[in-house]
Amino acid sequence: MRIGFVFLSSTLSSSSVIGSSISGSIVRLTPSLLLHRPFHIIPNRTTTRSNNLQFSARTTLTTSASSMSSSFKPEQARVPPALQLPSPSITKFKIGLCQLAVTSDKERNIIHARTAIEEAAQKGAKLVVLPEIWNSPYSNDSFPIYAEDIDAGSDASPSTAMLSEVARLLKITIVGGSIPERSGDKLYNTCCVFDADGKLKAKHRKIHLFDIDIPGKITFKESKTLTAGETPTVVDTEVGRIGIGICYDIRFQELAMLYAARGAHLICYPGAFNMTTGPLHWELLQRARAVDNQLYVATCSPARDAGAGYVAWGHSTLVGPFGEVLATTEHDEAIIISEIDYSQIELRRTNLPLKKQRRGDLYQLVDVQRSSSQ
C-alpha cells in the first residue's frame, strides 16, 4: 500500500472560466438591486411590487452566495474530505515542555528526563513533551551507538521503558521526544507516544531527514546513518488528537495540512534547530504551521551546549491557533508549563472560516494513505 500525501494544483478548464465569469456577473449585479431599486421605485410605501422586488433581490443574493460556494468547492480541497474535530475527554489542560541538557552519558540522560517529567506533572501537566534525540548526542557517530530496539521490549529499550513506566505512574500522556531506533539493519529517528496507562499509542519515524549544506555555517546529513519514515502519525489520546512531526518535518506544510485534515487539535514537533536556522526559522515555522491550520503547535528542543558538536538553538515554544506565542523560553534548561484550551480552535475557525473558503476548484491536498484505504 502506498503511504504518503500529494499536493495537487488543478488547471482551470474553459468551462471553469465561463462559470467564474457568470458568478462574477451575478455578484456585480446584486448591489445594484439591493441599493438602488428598493429606495427609488416607491419610497416610503409597501406594495406588492416592492415586496416582490425585495424578495427578488434577496433571492439573487442567496443564489449568488450559493453559486460562489458551489464554484469554490471547499469540500473538495481535502481529499478525502477533512474530518471533524473529535471531542476528547479533556479539552482544557496544562502542557509541559521539558527542555533538557543532553550529555554523552545515556543512563544519566534517562534519569534526568524522568526527573523533568515528574516535575512537570507535579506542576499540573497532563501532557509532557521531550526534545528530539534526548538520550544521545546529536551526531551520526552517536546514533548507531545509542540506538534502541523499541519493539523488542524494555531490556532492549531502557529509554522507552522509562517513559512507559512514568506515564503509567503519573497518569499522564507523554510525547517522548525522539531517540535513535534500531529496527533490523536500519536506524530511525523515532518519537514514541505513551498514554496514561503506560501503553505505547504511536511511534513516529522522522519522515523528512535533515540533509542540509549551508557553506561556512552548517552541513549535516542524517541520511548517512538514518532511514526516513514512511507514515504520517496522528494519535488519539486523553488530551486530544495529536499529530507528530520531528524537527525537519516542520518545514513541510503539507504534513501539517494533512494532520489538520485528519482532525488534529495539536501538532507536537520535538526538534533541535541549530544556531544558523534557529534564529531565522524556528519560531516563524511554528507560528506558520499553527495559523495556517488553526490548531495548537508545541515544540521541544534540547538545551544549548556550546561545546557540543551540534549546538541546539533551544527556545521550546507553545503556539496557539491564532499564531500567538503562548509560552516560550531561551536556550538554557527549562520546564515550560502552559495551558491549552481547545475551545480556542473553534473560536478561531469561526473568526476566520478558512474551511469554507478553500478553493477546491483550484487545488487539493490528497491524503494518499486515507485514499488508498477507502
Side-chain angles (χ1 to χ4, degrees), residues 93-138 142-143 145-182 188-204 235 237-239 242 244 246-247 268-272 298-305 308 312 314 316-318 327 329 331-338:
F93 60 93
K94 289 183 179 179
I95 183 174
L97 309 176
C98 299
Q99 184 164 292
L100 304 175
V102 178
T103 71
S104 58
D105 185 337
K106 183 176 181 178
E107 185 177 355
R108 181 265 180 201
N109 293 334
I110 295 173
I111 294 172
H112 190 53
R114 179 173 188 142
T115 300
I117 295 169
E118 291 171 344
E119 183 177 340
Q122 289 171 1
K123 294 179 178 179
K126 291 296 184 182
L127 171 64
V128 177
V129 185
L130 295 185
E132 180 184 25
I133 307 294
W134 57 267
N135 72 344
S136 159
Y138 187 87
S142 297
F143 295 153
I145 299 171
Y146 289 76
E148 299 179 2
D149 188 342
I150 296 170
D151 295 335
S154 59
D155 291 341
S157 183
S159 299
T160 57
M162 179 276 289
L163 296 178
S164 174
E165 181 182 26
V166 75
R168 176 178 56 82
L169 292 175
L170 299 177
K171 302 299 180 186
I172 60 173
T173 300
I174 297 177
V175 174
S178 77
I179 64 170
E181 177 198 8
R182 184 180 299 280
Y188 298 93
N189 186 341
T190 301
C191 174
C192 293
V193 180
F194 293 90
D195 67 12
D197 292 329
K199 295 179 180 178
L200 178 63
K201 293 283 289 183
K203 186 171 70 172
H204 177 78
V235 55
T237 72
E238 291 185 353
V239 290
I242 303 175
I244 304 295
I246 299 176
C247 199
C268 291
Y269 292 101
T299 62
C300 191
S301 167
R304 189 180 306 169
D305 178 0
S316 303
T317 302
L318 176 67
T329 187
H331 60 269
D332 293 326
E333 275 205 324
I335 297 175
I336 307 161
I337 305 294
S338 190

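Numbers for residues simply follow the sequence, beginning at 1.
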Restricting to side-chain hydrogen bond (donor to acceptor under 3.5 Å, both in side chains), what partner residues turn up for [X], sequence neighbours left out?
{"X": "S301", "answer": "none"}
{"X": "S104", "answer": "none"}
{"X": "E132", "answer": "N189, K206"}
{"X": "H112", "answer": "E333"}

### Task
Any pair with a residue in residues 161-172 that passes salt bridge (Lys or Arg N to Asp or Glu O under 4.0 Å), sequence neighbours left out, goes on the list, sorted by first then second residue, please.
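Sorted result for residues 161-172: R114-E165.
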### Task
Mind jotting down which residue pairs meet the salt bridge (Lys or Arg N to Asp or Glu O under 4.0 Å) criterion with at least one end in residues 98-110? Sequence neighbours excluded, please.
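Counting only pairs at least two positions apart or across chains, the salt bridge (Lys or Arg N to Asp or Glu O under 4.0 Å) contacts touching residues 98-110 are K106-E148.
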### Heavy-atom closest contact (D195 atom, A167 atom, distance)
O-CB, 3.5 Å
### Query
Hey, does I244 have a side-chain heavy atom less than 4.5 Å from the side chain of Y269?
no
### Message
I want to check something: taking the side chain as every heavy atom from C-beta on, are I179 and T160 in contact at a cut-off of under 4.5 Å?
### Response
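Counting from C-beta outward, I179 and T160 do come under 4.5 Å.
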#### Entry: With Y188 via ring-ring contact (aromatic ring centres under 6.0 Å, His included) - residues at least two apart
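ring-ring contact (aromatic ring centres under 6.0 Å, His included) check on Y188 returns nothing, list empty.
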### Task
Please name all residues satisfying ring-ring contact (aromatic ring centres under 6.0 Å, His included) with Y146, sequence neighbours left out, ordered by chain then number.
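If we apply the ring-ring contact (aromatic ring centres under 6.0 Å, His included) test to Y146, skipping adjacent residues, there are no hits.
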### Query
Can you list every pair that meets side-chain hydrogen bond (donor to acceptor under 3.5 Å, both in side chains) and has a residue in residues 119-129, with sequence neighbours left out?
E119-K123
### Task
Any chance you could lay out the side chain to side chain contact (heavy atoms under 4.5 Å, CB included) test for D305 and T103, step after step, and finish with the verdict?
CA-CA 9 Å; D305 178 0; T103 71; over 6 Å; no
### Query
Looking at residues at least two apart in the chain, or sitting in another chain, which of them share a salt bridge (charged side-chain N to carboxylate O under 4.0 Å, His left out) with D197?
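For D197 there are no salt bridge (charged side-chain N to carboxylate O under 4.0 Å, His left out) partners, ignoring immediate neighbours.
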### Message
Which residues pass the side chain to side chain contact (heavy atoms under 4.5 Å, CB included) test with A116, not counting sequence neighbours?
### Response
C98, L100, I335
### Task
Tell me, please, which residues at least two apart from A334 pass side chain to side chain contact (heavy atoms under 4.5 Å, CB included).
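Side chain to side chain contact (heavy atoms under 4.5 Å, CB included) list for A334, sorted by chain: T329.
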